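Below you'll find the structure, written out as structure tokens, and then a few comments.
Just so it is clear: chains get the letters A, B, ... in the order the sequence lines come, proteins before strands, and each one is counted from 1. Since this is a predicted model, take the numbers as computed values, not measurements.
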Protein chains: 2
Amino acid sequence: MVGDSSRIAGQDGLRADARRNRQRILAAARSVFAEHGIDAPMATVARRAGVGVATLYRRFPTRDALVRAAFAQQMDTCARALTEALADPDPWRGFQRLVETVCALQREERGFPAAFAAAFPDSTGEHARARERAERDFMTLVRRAQAAGALRPDFHPSDLVVALLSHCGLVTALPGDRAASRRLVAYLLQSFRAEAAHGALPAPSALSLRSLPLAAGGSTGHA
Amino acid sequence: MVGDSSRIAGQDGLRADARRNRQRILAAARSVFAEHGIDAPMATVARRAGVGVATLYRRFPTRDALVRAAFAQQMDTCARALTEALADPDPWRGFQRLVETVCALQREERGFPAAFAAAFPDSTGEHARARERAERDFMTLVRRAQAAGALRPDFHPSDLVVALLSHCGLVTALPGDRAASRRLVAYLLQSFRAEAAHGALPAPSALSLRSLPLAAGGSTGHA
DNA sequence: TGCCAAGCGGACGAGATCGTCCACTTGAGC
DNA sequence: GCTCAAGTGGACGATCTCGTCCGCTTGGCA
């Protein structure tokens, strides 16, 4: 019984119809979460996907698992943005684009901000390794941008969390108001510039960057 | 029967025991909302207040009414901060203190941020008059601070909403992390300074300031 | 002290959501 | 085509929350 997978077809161990249903559930989840928030009833997701609740629960035993899987693609985009930022020869431009990309995602993908904020406190997830790497990468980016004299010297890596979570809150409070979101991003980026450093800042947060959901691992979320 | 108030004792038309209960409910609501968020069951509030649910519903027919009343004092503090800011001979210092006061309130009073954000979309409340005045006052403050060359000329009154709501989101996502909150406030205030105006900003939000919950009227909230 | 309207509390029915269980269906290999 | 494990759907009991109803209590005034 154990290890005998000769009968299963897909590479993910799912039968063709099951894999199809899984995709429909994820699409439905994104749509429902965007419309009603991530607290929408599971049954609503199941109905929109055209499957029974049991099927939904079998694939995603908890709401959290469903949320993560539904927005794994967006999380991946965040992780990719970090890689691209590091690859940019101009570290400030990389930094700027990283922040803008993540914020644009939060702004455009309804439901994602809530998923983003919800995923945040979980620093003990199974993606610890990917997160550690993201943390290290981001610190490298910060150091480079500071060495280039573009990023203010007192910028602390945890300030990224501050920026992203506050932006998250803004787009949650004012969904659809793109101007407000863009305005905040512009203000924050300006104040991160070296030229903006006038007085001393209060002490940075003790937040571990480890909990940053920038790199959420593969796009499957299927354990 | 109508208009005969000869038998009622308090100036608010409530019997002494009822007035006492009302206060206990408000205290309990603040405590429960701080602990479990403003979506906590009404019955929990009633239990903590030591009253029956019927008593709670009689005083506050909707959760919204309870939330408003529970945080009316904090709203008043916001309104007072605006008045004081206008009275300050240094308009920038007034502006700065206004933002810091409101953000400190959001930071320190657990539950208030949620109430603040929840109260926000309601621009049609019965406090329209007070709000209009607050809006006018704030615009005066902005104009003065800009004339003094302290506030950047492209600052738009709706940017206050952007700042307060994003801060709101931050403290909601990271309750207890005062350093993060202070850091965001410092960054935002720096980027609002005239010296920080480097490039052009994206267009401001079309938000009406009318919806700003800065002035929520009297401290009673009892209609 | 007595009256009575204002005030009170808890039981209760309605409605929503959760997550499981089980009998039926179907895809994939032979 | 046949077999059967994987997959499915919806009914169901448990739990929670809401807001009202109604019989009892009490504060304030005469």
Side-chain angles (χ1 to χ4, degrees), chain A residues 1-29 32-33 35-69 114 118 222-223, chain B residues 1-29 32-33 35-69 114 118 222-223:
Chain A
M1 209 176 228
V2 175
D4 180 4
S5 58
S6 62
R7 298 289 296 269
I8 51 180
Q11 51 184 359
D12 52 2
L14 286 180
R15 225 166 64 176
D17 55 342
R19 203 171 329 122
R20 220 178 307 127
N21 275 340
R22 188 173 187 280
Q23 286 312 115
R24 295 170 71 188
I25 289 171
L26 288 177
V32 168
F33 289 158
E35 230 170 277
H36 307 290
I38 57 171
D39 289 328
M42 299 289 264
T44 306
V45 175
R47 206 177 322 120
R48 185 161 307 182
V51 304
V53 276
T55 304
L56 174 51
Y57 278 109
R58 197 173 315 107
R59 293 291 157 246
F60 308 99
T62 65
R63 153 173 270 106
D64 193 60
L66 178 59
V67 170
R68 280 168 191 279
H222 178 240
Chain B
M1 205 176 232
V2 175
D4 180 4
S5 59
S6 62
R7 299 287 297 268
I8 52 181
Q11 51 185 358
D12 51 4
L14 287 181
R15 225 166 64 176
D17 54 341
R19 201 170 329 124
R20 220 178 305 129
N21 277 339
R22 188 171 186 282
Q23 286 312 116
R24 294 170 71 186
I25 288 172
L26 288 177
V32 169
F33 289 159
E35 232 169 276
H36 307 289
I38 57 172
D39 290 328
M42 298 289 264
T44 306
V45 175
R47 206 177 320 118
R48 184 160 309 181
V51 304
V53 275
T55 304
L56 174 51
Y57 278 108
R58 198 172 313 108
R59 292 292 156 247
F60 308 100
T62 66
R63 154 173 271 105
D64 193 61
L66 178 59
V67 170
R68 280 168 192 278
H222 177 243

Under 4.0 Å protein heavy-atom contact, by nucleotide of nucleotides 9-19 of chain D - B base, S sugar-phosphate only: BBB-----SSB
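Residue B:Arg59 places at least one side-chain N or O under 4.0 Å from the OP1 or OP2 atom of C:dC8.
When the C1' atom of C:dA28 is taken as reference, atom CG of A:Leu14 falls 14 Å away, rounded to whole Å. For B:Arg15 and C:dA6, the CZ to C1' distance is 5 Å, given to the nearest whole Å. Here C:dG9 presents its C1' atom at 16 Å from CZ of B:Arg20, a figure rounded to the nearest Å. The CG atom of A:Asp17 sits 6 Å away from the P atom of C:dG27 (whole-angstrom rounding). Straight-line distance from the CZ atom of B:Arg22 to the P atom of C:dC8: 12 Å, rounded to whole Å. The CG atom of B:Asp12 sits 13 Å away from the C1' atom of C:dA6 (whole-angstrom rounding).
Scanning both residues, B:Ile25 and B:Ala49, for their nearest heavy atoms gives CA-CB, 3.8 Å. Contact between B:Met42 and B:Leu56 at its shortest, heavy atoms only, is O-CD2, 3.2 Å. In this structure, A:Arg59 and A:Ala18 approach most closely via the heavy-atom pair NH2-CB, 3.6 Å. Residues B:Val32 and B:Ala40 come closest through the heavy atom pair CG1-CB, 3.5 Å. For the residue pair B:Phe60 and B:Ala69, the shortest heavy atom distance occurs at CE2-CB, 3.6 Å.
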B:Leu66 and B:Phe33: CA distance, side-chain angles, deciding distance, side-chain contact (heavy atoms from CB on, under 4.5 Å) verdict: CA-CA 10 Å; B:Leu66 178 59; B:Phe33 289 159; 3.8 Å; yes
